[in-house]
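Predicted, not measured: the structure shown is a model, and the values here were computed from it.
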Amino acid sequence: MISSARRLFAATAVASATLLTLTACGSANQTPNAAPTDKVLHLSFLQDPGQPPDPDVYYAGQGLLLTTNLYEGLLQYAPGTDKAVMQPLLATAWTASPDNKVFTFTLRQGVKFHDGTPFTSAAIKTSFDRRLAVNQGPAYMVSDIESVTTQGDYAATITLKAPNAVFLDYLASPYGPRMLSPTGLAANAGTDNTQTYLTTHDLGTGPYTLTDAQVGSHYGMASFGDYWGSKPYFTTVDLPVVTDSSAQQLQFNNGQLAAVLHDLPSTAVSSYMGNAKFANFSLATMMSDYFYVNPHKGMFTNQGARTALNQALDLPQIVKQAYSGRGEVGTQVYPPNMIAPELAKQTVVHDTSALSKIVAGLPADQKTVTVGYDSSNPDNQLVGDLIQTQLAALGLTAKVQGYPTSQIYGWVGSAPGDAPEMLLLGGWPDAPSPYTWGHINFDPDGGLNYLNCSSADVTSSLATGRESGAAEVFSRAAAQAQATGCWLNIADVNDFMVAQPWLKGVAESHVITEPNSLRLAGLSVG
């Protein structure tokens, strides 16, 4: 299984070195910073999405802007709120059995796939089967389905092999199973379950269709004329890949981009917050910046030393310097907005004395450690530098080192010697359930337990919570995870976006479970 933190940075893997010229995004003869009259929405990717916009393959970050506007599932999370509120999409009503094994759905009528065929209940099993056949990261969301039965064209029942209280969260997740045209899948199946076709086409029901997909260079979408819902104001979405943040900001400042939705460095955030020419938004998410401690390395093989390290970090100072205006010190073990604020509290009291005592007793050759971070994330490089300074005051020499994404994921499932003592990674959950985050990050077989720390108590509590959905059980799992000293939530991080003042609907089109993205059909000019 693959999960949240990977997606935040995996998009860098295929990033192009090509820098688009400043005129590439602008409409012809358009006055800088003026609202467009051609109904073309100019946005950009700072890095290539890194994977094709195939909903059964895509599992990274920035490309959500494509997949969530091209495809729809049975359920979704509501935009414009600071809580995860589930709402209908292609299903208009649903029920769950008391044991969370049987789920029934009433389906929306009058929906068309982009190939012109109607959406009916037959698409559910076909879409689930295709996800299993492709067997990429998000396949686990449908792996426990025992059967799908239909009651006519507009009702269906899904039965699971075992109770799963978070199954509806999977269906509403931006990485959850999307509905694809059975006709289109069959016609373009090829030898790879339609994967080749879906690198440059789509078979969804969303408000937009895919018109261009040039890896490392450019993507495009157009509004779908037969969309069942409210018609988008913007008929065309232009998405060049701009591989330099300064160039991206310059294009935005010149009015050639309507907005920048992601990856603004801290210095840019500060400048835009004080610039009345543009609108800026710091929007609630489920993103966190996590600190992982390696239980297989040096002094940190001892649980007490790991706990002492966590206590020694001055988190308010780190967050103030790295995330001012868009983040706060993590107050819960899980990412924000996932569990009631009185539960899963992160109770780490700042105290340097324990770590100072441990370090003082070490021989000189054991007082050097490495703070690792994903090399694609300048924010975490800054956090690493701040940690380096704090540890130096306690007698530890810390080297701050970036690692490529592929190397970081290579550490999962083993205890490699090249992994650092500490690792900084940001991320968000596949679905807004404590089980999803906890299992994937804390369990030894979850998929993204990067530095291979485990606790039988945590695993047991998470398994119990999966069946019951009881928040108190997940809160207990959080306390057990904190006790290991392996995981620390440094900061809860908002989505910081900047937009031209004429672009309306940004906050209303943002979804708490979908960082770096917007529901584009909700945007307009005003």
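Panel note: side chain His114, backbone Leu203; no donor-acceptor pair is recorded below 3.5 Å. Put simply, the side chain of Arg108 gets close to the backbone of Leu89: a donor and an acceptor are under 3.5 Å apart. Side-chain atoms of Ser460 do not come within 3.5 Å of backbone N or O of Ala456 as any donor-acceptor pair. Judged by distance alone, the side chain of His510 and the main-chain N or O of Leu283 form no donor-acceptor pair under 3.5 Å. In terms of modelled atom types and a separation under 3.5 Å, the side chain of Asn69 and the main chain of Leu518 share a donor-acceptor contact. Remark: side-chain polar atoms of Ser173 are paired, donor with acceptor, to backbone N or O of Asp430 under 3.5 angstrom. Formation of a donor-acceptor pair under 3.5 Å by the Asn489 side chain with backbone atoms of Gln332 is found in this model. In this structure, the side chain of Gln303 does not engage the main chain of Thr484 through any donor-acceptor pair within 3.5 Å. Not a single donor-acceptor pair under 3.5 Å links the side chain of Ser324 to the backbone N or O of Gln321. Looking at Arg131, its side chain does come within 3.5 Å of a backbone N or O of Gly176 through a donor-acceptor pair.
The 12-atom threshold is not exceeded at NZ of Lys112, counting heavy atoms of other residues, nucleotides or ligands nearer than 6.0 Å.
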Self-check item: Derivation of the side-chain contact (heavy atoms from CB on, under 4.5 Å) call for Leu425 and Ile408
Solution: CA-CA 10 Å; Leu425 281 176; Ile408 291 172; 4.0 Å; yes
Quiz item: Taking it one step at a time, do Glu72 and Tyr227 satisfy side-chain hydrogen bond (donor to acceptor under 3.5 Å, both in side chains)?
Solution: CA-CA 11 Å; Glu72 296 173 320; Tyr227 183 57; 2.6 Å; yes
Exercise. Just do the ring pair (Phe, Tyr, Trp, His ring centres under 6.0 Å) check on Phe167 and Phe103 with the steps written out, would you?
Key: CA-CA 9 Å; Phe167 181 67; Phe103 301 84; 5.0 Å; yes
Quiz prompt | Asn449 and Asp443: CA distance, side-chain angles, deciding distance, side-chain hydrogen bond (donor to acceptor under 3.5 Å, both in side chains) verdict | solution = CA-CA 7 Å; Asn449 188 331; Asp443 280 348; over 6 Å; no
Exercise. For Asp457 and Ser455, run side-chain hydrogen bond (donor to acceptor under 3.5 Å, both in side chains): C-alpha distance rounded to whole Å, both residues' side-chain angles, the deciding distance at 0.1 Å, then the answer.
Key: CA-CA 5 Å; Asp457 289 340; Ser455 162; 4.8 Å; no
Exercise. Given side-chain contact (heavy atoms from CB on, under 4.5 Å), test Leu75 with Leu168 step by step and report yes or no.
Key: CA-CA 8 Å; Leu75 307 174; Leu168 292 176; 3.9 Å; yes
Exercise. Would you check, one step at a time, whether the test side-chain contact (heavy atoms from CB on, under 4.5 Å) holds for Phe291 with Ile387?
Key: CA-CA 11 Å; Phe291 183 66; Ile387 290 175; 3.9 Å; yes
Practice problem: Would you sort out whether Leu65 and Leu520 count as a side-chain contact (heavy atoms from CB on, under 4.5 Å), showing the intermediate values? | Solution: CA-CA 8 Å; Leu65 193 66; Leu520 298 180; 3.9 Å; yes
Quiz prompt | CA sep, side-chain torsions, deciding dist, call: Asn164, Tyr435, side-chain hydrogen bond (donor to acceptor under 3.5 Å, both in side chains) | solution = CA-CA 10 Å; Asn164 188 347; Tyr435 173 77; over 6 Å; no
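Considering all non-hydrogen atoms of both residues, Tyr71 and Pro53 come closest at CE1-O, 3.6 Å. Here the shortest heavy-atom pairing between Asn294 and Pro420 reads ND2-O, 3.1 Å. Shown here for Ala78 and Val511, the closest heavy-atom pair between the two residues is O-CG1, 3.9 Å. Residues Ala165 and Glu467 share a closest heavy-atom pair of CB-O, 3.9 Å. Pairing each heavy atom of Pro432 with each of Met286, the nearest pair is CB-CE, 3.2 Å. Closest non-hydrogen pair, Asn310 versus Val348, comes out as O-CG1, 3.7 Å.
Side-chain atoms of Asp289 and Tyr323 include a donor-acceptor pair closer than 3.5 Å. Under the 3.5 Å distance criterion, with hydrogens and angles disregarded, a donor-acceptor pair is assigned to the side chains of Gln407 and Asp418. For the residue pair Thr352 and Gln311, no side-chain donor N or O sits within less than 3.5 Å of a side-chain acceptor on the partner. Remark: the Ser288 side chain and the Asp492 side chain contain an N/O donor-acceptor pair separated by less than 3.5 Å. With 3.5 Å as the limit, one finds a donor-acceptor pair spanning the side chains of Thr95 and Thr104.
With a 4.5 Å cut-off on side-chain heavy atoms, Arg519 and Pro79 count as touching. By the 4.5 Å heavy-atom criterion applied to side chains, Ile145 and Val142 are counted as neighbours. The shortest distance between side-chain heavy atoms of Arg326 and Asp379 falls below 4.5 Å. Between Met86 and Trp94, the closest side-chain pair of non-hydrogen atoms falls below 4.5 Å. Side-chain atoms of Val148 and Thr157, non-hydrogen and from C-beta on, never get closer than 4.5 Å to each other. Taking 4.5 Å as the limit, some side-chain heavy atom of Pro182 sits within range of a side-chain heavy atom of Phe113. Side-chain contact between Gln317 and Leu386: absent, with no pair of heavy atoms (C-beta onward) separated by less than 4.5 Å. Asp495 has its side chain within reach of Met287: a pair of non-hydrogen atoms, C-beta onward, lies under 4.5 Å apart.
Taking CD from Gln346 and CG from Leu488, the interatomic distance works out to 4.5 Å, rounded to the nearest 0.5 Å. Taking CG of Leu382 as the start and OH of Tyr373 as the end, the distance is 10.5 Å to the nearest 0.5 Å. Here Phe119 contributes atom CZ and Asp153 contributes atom CG; the two are 10.0 Å apart, rounded to the nearest 0.5 Å. For the atom pair Phe496 CZ and Asn516 CG, the distance stands at 13.5 Å (nearest 0.5 Å). Taking NZ of Lys83 as the reference point, atom OG1 of Thr513 lies at 14.0 Å (rounded to 0.5 Å). Once rounded to the nearest 0.5 Å, the distance linking CD of Gln381 with CG of Asp374 reads 11.5 Å.
Arg466 has a carboxylate O that lies under 4.0 Å from a charged side-chain N of Asp144, or vice versa, which qualifies the two as a salt bridge. A salt bridge does not link Asp314 to Lys320: none of the charged side-chain nitrogens sits closer than 4.0 Å to a carboxylate oxygen. With salt bridges taken as basic N to acidic carboxylate O contacts below 4.0 Å, none links Lys101 and Glu146.
With Val371 as reference, Met422 is the one residue of Gln388, Met422, Glu421 to meet the side chain to side chain contact (heavy atoms under 4.5 Å, CB included) rule.
Listed by chain and residue number, Tyr140 satisfy the ring pair (Phe, Tyr, Trp, His ring centres under 6.0 Å) test with Tyr170 (two or more places apart in sequence, or in another chain). By the ring pair (Phe, Tyr, Trp, His ring centres under 6.0 Å) test, Tyr403 pairs with Trp411, sequence neighbours left out.
Taking the ring centroids of Trp487 and Tyr334, they lie at or beyond the 6.0 Å cut-off. Annotation: Tyr59 is in aromatic contact with Tyr175 [ring centroid separation under 6.0 Å].
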